[in-house]
Amino acid sequence: MARYTPAQIEPKWQQAWEDARTFLARPDPSKPKYYVLEMFPYPSGRIHIGHVRNYTMGDVIARYKRAQGFNVLHPMGFDAFGMPAENAAMASGGHPKDWTYGNIDDMVAQMKPLGFGLDWSRMFATCDPEYYGQQQRLFLDMLKAGLVYRKNAVVNWDPVDMTVLANEQVIDGKGWRSGADVERRELTQWFFKISEFSEELLTALEGLEDWPAKVRLMQENWIGRSRGLQFAFSLIDGPDGHDRVEVYTTRPDTLMGASFVGISPDHPLAKLLEKDNPDLAAFNADCRKGGTTEEALEKAEKRGFDTGLRVRHPFDAAWELPVYVANFILMDYGTGAIFGCPAHDQRDLDFARKYDLPVVSTYVPAAGEDGFTRPEAGGEAYVPPKTEKVHYVKGFAGEALQSGAEAVEAAIAFCEGKGVGQGVTKYRLRDWGLSRQRYWGCPIPVVHCDACGVVPEKAENLPVRLPYDEDGTPIDFSIPGNPLDRHPSWRDCACPSCGGPARRETDTMDTFVDSSWYFARFTAPDADTPTDMGAAEYWMNVDQYIGGIEHAILHLLYSRFFARAMVITGHLPEKCKEPFDALFTQGMVTHAIYQTRDAAGRPVYHFPEDVDLREGRAFLKDGTEAEVIPSAKMSKSKKNVVDPVNIIDQYGADTARWFVLSDSPPERDVEWTAAGAEAANRHLGRVWSISDRIAGMEDGPGTGDDDLLRALHRCIFDVTQGVESFGFNAAIAKLYAFTNTLSKSTASKSVQRQAVMALAQLMAPMTPHLAEDIWARQGGEGLLADAQWPKAEDRFLVSDTVTLPIQVNGKRRGEITVPKDLPVSEVEKAALNVDGVIRALEGAAPKKVIVVPGRIVNVVA
RNA sequence: GCCCGCGUGGUGGAAUGGUAGACACACGAGACUUAAAAUCUUGCGGCGGCAACGCCGUGCCGGUUCGAGUCCGGCCGCGGGCACCA
């Protein structure tokens, strides 16, 4: 008897697909197209098992759609710019370019044995000058269209290394290398005007029906549309040029509970005042310490500084409020100034108590104040949902009893009527800062000229290439700072406008720019324009996009913006405004962590291959027991990683592909276990043996042909539905069940052969090599990869009888098998005759009998 | 801090508001074997019972419903995101 040998089968069929050019995508107007795309990887150098899961899902869809008759585009590339390459160069010498391209070669070599049905001829990396040159062209077109501009923005500044830090390089407010306290510092930077599209990006979310609801909700919250009142407090004896403080509030209904005005440390007034007030200057400087993330700002202790200035309440000229500079107010949001209402905001309440400011409730619970403690009497801030009706004790517009939302609208109308400000709609979404003070990114193609200012590079001079060496010697990345900044022969150039001496922009682009249009480039990767409209017209949009939930907001929102910008600048057809028709967000692959502790009690981690598992406990080679921490995100530092290359060597690609799809729903995390991989491999061997057994059978009659065909068509139906709905794990469970049925079948050879060939077809998207091999051994015609998907035939799916569970008061007490179209009254009668039902009723007459035809019967006692 | 998601046997998980635990792992029993591995058969939520069967059970508390793992409200726990990681 022959055996399942993936090491021989897999390379053989990969070669066959390559020879037949099976997965090369060519436009073909006679066929419907299908574009399936997985988020392209960063070239770290090693693929990990999470990549295997991600690309296997895409491949299942791609191969399935192919079998359904679609002309499939399934490309692969690399998101190749970014900090790790520069970090590697800093840490161990070498050049980011060499490091990156070496990694890409390694990763392609690791991916090919997995047998993905990819069109490798379309592969590119975003660090290819052919790619980023086209990106520079897009940038210039966007600049011309007014979608790009410059303004000041804050960055993390490391005062010791004299460099800008990424958020991830700021650890507990300190620089990762220097350990120095990080400062927030302003630089002039380039921005994309994404905020101009806030409303459009928000409302268009409704049309993205095949996106996960949670991703749409996350984007909705991120864009953060709010309705509020913008108005000014008049400033008493303000410094020159400052007679008012403009504030924005989403709760104008609480205006009578205002107790202070707060401004951001970066507010123009705060900056003006700090010039003559060293204490305030020190306070502001202190506020500017620490990272720039929203999290860092929110978690910082709430602190304020009394400027000594006072403003007048808009409704009462005698009512004066103090003006504080407060560290929790963001200059980026609203006007950078607020009024605090401590009774209805916990943060304001904490602030008011700290600085001994008044607390005044404007509304109390509608149900009355029994058991309610007002904040001014020591209670918590009262913050009910905006939709809840409350009782206004210091209202000024609308009913005394109304919801917060109603009160807000009434307050806006009232204030507008009094000439106190106006109702405005604001968005939390900020413009997209794209400047990065780094080397390994797409150069921003502009030139700074003393005479002409900022001048775009001429189109014929694109791409503006990154320099590889510095006048013959390789660029040294061990020196702090941006190598482009200290590279005179690259930096100094002629002004494209006047020809005079000028300097190149030394900032490069955020790597999110690279990934915001690569999907469009895949439709024409060799075009000498950013896109080819004909190719885009045929292949776009991406029919199914697959990637991690961690990209739910930024990457996907930026891509949606870019698609719009590309439509405006004539690089994509109108229909591409929303480039991803359907989105699927897959979970991670996790693995247990094996941990012991050293003499000092610090954790020591161990690789899975160095651990023996016995009855759920883990032992090192020397017999020491290690603690097992289950299901943790794979990370090199915790050593809970498995290398796909090892898995393929040990079991073959099909086993790895099969396992990552089984057991867990694709949107959830899956835990990799050695036992699970082993079991997957055993199962594939079993399928192969069944096929081998059938091939060796004698022709002639058997028993249960019809039963096997019924089971087969049920399986075809279930698996088709499973693949269509991303229920890969459920589809695999059905394949297990059918394999068990087939292995025990005594049906005739012809029916068993038919069954095992269909089984191979159904498994082909997940385990294409095994499937192809079975197909060939059973005498299938041509490549299985070119065969049509099997169809579940109705005549094998329907049944004359139906088994109904019978419940009494919702508890199952028995079941009946009845003809499919037995009248309800007959079903009722049969149900009441069931032993368990009679017992449960204890002689009492049923009050009611609910018959759900074909599903269930419930007797109400 | 803010936003989002998830909690089902020893484990991963299945279940259009309709028989909770499909399928798989682990474990137990058995067959084959001199023995082991491999393979095959079989059992497997908890409690009680020889059994038939009964009671309990989907993180906790409450609600809607003939019927709730599923829908609603509150709580607890865990995970993800927070604009310069990709």
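So that the names make sense, note that chain A is the first sequence line, chain B the second, and so on, each numbered from 1.
With C1' as the reference atom, B:C6 and B:C23 are 22 Å apart, rounded to whole Å. B:C2 and B:U70: their C1' atoms are spaced 29 Å apart (whole Å). The separation of B:C56 from B:G69, taken at their P atoms, amounts to 13 Å, rounded to a whole angstrom. As rounded to the nearest Å, B:G57 and B:C61 have P atoms that lie 10 Å from one another. Taking atom C1' on both B:C50 and B:G62, the two are 42 Å apart, rounded to the nearest angstrom. B:G81 and B:A86 have their C1' atoms separated by 14 Å, with the value rounded to a whole Å. With both ends at atom P, the span from B:U58 to B:G10 equals 13 Å, rounded to whole Å. On the C1' atoms, B:A35 is 23 Å away from B:C27, given to the nearest whole Å.
A:N221 pairs by the side chain to side chain donor-acceptor pair (under 3.5 Å) definition with nothing, not counting sequence neighbours. For the ring pair (Phe, Tyr, Trp, His ring centres under 6.0 Å) test, residues two or more places apart in sequence or in another chain that qualify with A:H551 are A:H555. Residues satisfying the side-chain contact (heavy atoms from CB on, under 4.5 Å) criterion with A:L554, sequence neighbours excluded, are A:W222, A:F512, A:Y558. Under the side-chain contact (heavy atoms from CB on, under 4.5 Å) criterion, A:R225 pairs with A:E199, A:L202, A:T425, A:Y427, not counting sequence neighbours. The ring pair (Phe, Tyr, Trp, His ring centres under 6.0 Å) search around A:F78 returns none, not counting sequence neighbours. Every residue meeting the side chain to side chain donor-acceptor pair (under 3.5 Å) condition with A:D510, not counting sequence neighbours, appears here in chain and number order: A:W432, A:R436.
Proximity of a side-chain donor or acceptor of A:S691 to a complementary backbone N or O of A:V687 within less than 3.5 Å is not detected.
Comparing B:C84, B:A24, B:C4 by their nearest atom to the side chain of A:V164 picks out B:C84. Side-chain proximity of A:N740 to the nucleotides B:C84, B:U16, B:C23 is greatest for B:C23. For A:E815, counting side-chain heavy atoms from C-beta on, the closest listed nucleotide (B:A86, B:U19, B:C84) is B:U19. For A:R430, counting side-chain heavy atoms from C-beta on, the closest listed nucleotide (B:C25, B:A83, B:C84) is B:A83. Of all nucleotides listed (B:U19, B:A83, B:G5), B:G5 comes nearest to the side chain of A:L217. Checking B:C23, B:A14, B:U19 against the side-chain heavy atoms of A:P665 singles out B:A14 as nearest. Among the nucleotides B:A24, B:A83, B:G12, the one closest to any side-chain atom of A:S664 is B:G12. For A:N729, whose side chain is taken as the heavy atoms from C-beta onward, the closest listed nucleotide among B:A14, B:A83, B:G12 is B:A14. Across B:C25, B:C82, B:A86, the shortest atom-to-atom separation from the side chain of A:M83 is found for B:A86. Side-chain proximity of A:L429 to the nucleotides B:C84, B:A83, B:A24 is greatest for B:A83.
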Tabulate atom names and distances for all N/O pairs under 3.5 angstrom spanning the protein and nucleotides 65-71 of chain B.
from  : atom 1 : to     : atom 2 : distance (Å)
B:C66 : O2'    : A:N858 : ND2    : 3.2
B:C66 : O2     : A:N858 : ND2    : 2.6

Interface polar pairs with nucleotides 52-56 of chain B, N/O, under 3.5 angstrom:
from  : atom 1 : to     : atom 2 : distance (Å)
B:G54 : OP1    : A:R813 : NH1    : 3.3
B:C55 : OP2    : A:R813 : NH1    : 3.4
B:C56 : OP2    : A:K811 : NZ     : 3.3

Collect all protein-nucleotide pairs involving nucleotides 6-10 of chain B in which both atoms are nitrogen or oxygen and the distance is under 3.5 Å.
from : atom 1 : to     : atom 2 : distance (Å)
B:G7 : OP1    : A:R668 : NH2    : 3.4

For every nucleotide of nucleotides 40-48 of chain B, 5' to 3': is a protein heavy atom under 4.0 Å from its base (B), only from its sugar-phosphate (S), or from neither (-)? SS-------

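Under 3.5 Å, the side chains of A:N729 and A:S664 contain no donor-acceptor pair of N or O atoms. No side-chain donor from either of A:D507 and A:Q189 sits under 3.5 Å from a side-chain acceptor of the other. Side chains of A:W211 and A:Y545: a donor-acceptor N/O pair is absent below 3.5 angstrom, by distance only. For the 3.5 Å distance criterion, the side chains of A:N681 and A:T655 qualify, holding a donor opposite an acceptor.
Whole-Å rounding puts the A:I553 CD1 to B:C85 P distance at 14 Å. With rounding to whole Å, A:W222 atom CH2 is found 13 Å from B:G80 atom C1'. The nearest whole Å value for the distance from the CE atom in A:M218 to the C1' atom in B:A83 is 13 Å. Distance A:R682 CZ to B:A26 C1': 11 Å, rounded to the nearest Å. Look at CZ on A:F659: it is 9 Å from C1' on B:C25, rounded to the nearest Å.
Put simply, the side chain of A:L684 does not reach to within 4.5 Å of the side chain of A:Y651, judged on heavy atoms. Two residues are said to be in side-chain contact when any heavy atoms from C-beta on lie closer than 4.5 Å; A:Y55 and A:I47 fail this criterion. Residues A:F726 and A:E667 form no side-chain contact, since every pair of their non-hydrogen atoms from C-beta on lies 4.5 Å or further apart. Residues A:Q219 and A:R560 have side chains in contact (heavy-atom distance under 4.5 Å, counting atoms from C-beta outward).
Within 4.0 Å of A:H551, counting heavy atoms only, lies at least one base atom of the nucleic acid. Residue A:F328 is out of contact with every strand shown, counting any heavy-atom pair closer than 4.0 Å.
Taken together, the paired segments of RNA chain B that extend over three or more consecutive Watson-Crick or G-U pairs, each closer than 3.5 Å at both contacts, are B:1-7 with B:76-82, B:10-12 with B:23-25, B:27-31 with B:39-43, B:45-48 with B:53-56, B:59-63 with B:71-75.
Side-chain N/O atoms of A:S662 include none lying less than 4.0 angstrom from OP1 or OP2 on B:A24.
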Show your working on side chain to side chain contact (heavy atoms under 4.5 Å, CB included) between A:I104 and A:M107 and close with a plain yes or no. CA-CA 5 Å; A:I104 289 173; A:M107 284 179 78; 5.9 Å; no

Going through the checks in order, is the side chain to side chain contact (heavy atoms under 4.5 Å, CB included) test met by A:L762 and A:C715? CA-CA 9 Å; A:L762 296 175; A:C715 182; 3.9 Å; yes

Side chain to side chain contact (heavy atoms under 4.5 Å, CB included) evaluation trace for A:F191 with A:L434: CA-CA 6 Å; A:F191 282 82; A:L434 70 117; 5.6 Å; no

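Base orientation of B:G9: syn, since the glycosidic angle falls within 90° of 0.
Contact annotation: side chain of A:Q437 to base of B:C84, donor-acceptor pair present below 3.5 Å.
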Donor-acceptor pairs under 3.5 angstrom involving side-chain atoms of residues 801-816 of chain A: please list them, not counting sequence neighbours.
from   : atom 1 : to     : atom 2 : distance (Å)
A:T803 : OG1    : A:T817 : OG1    : 3.0
A:N809 : OD1    : A:A861 : N      : 3.0
A:R812 : NH2    : A:E815 : OE1    : 2.9

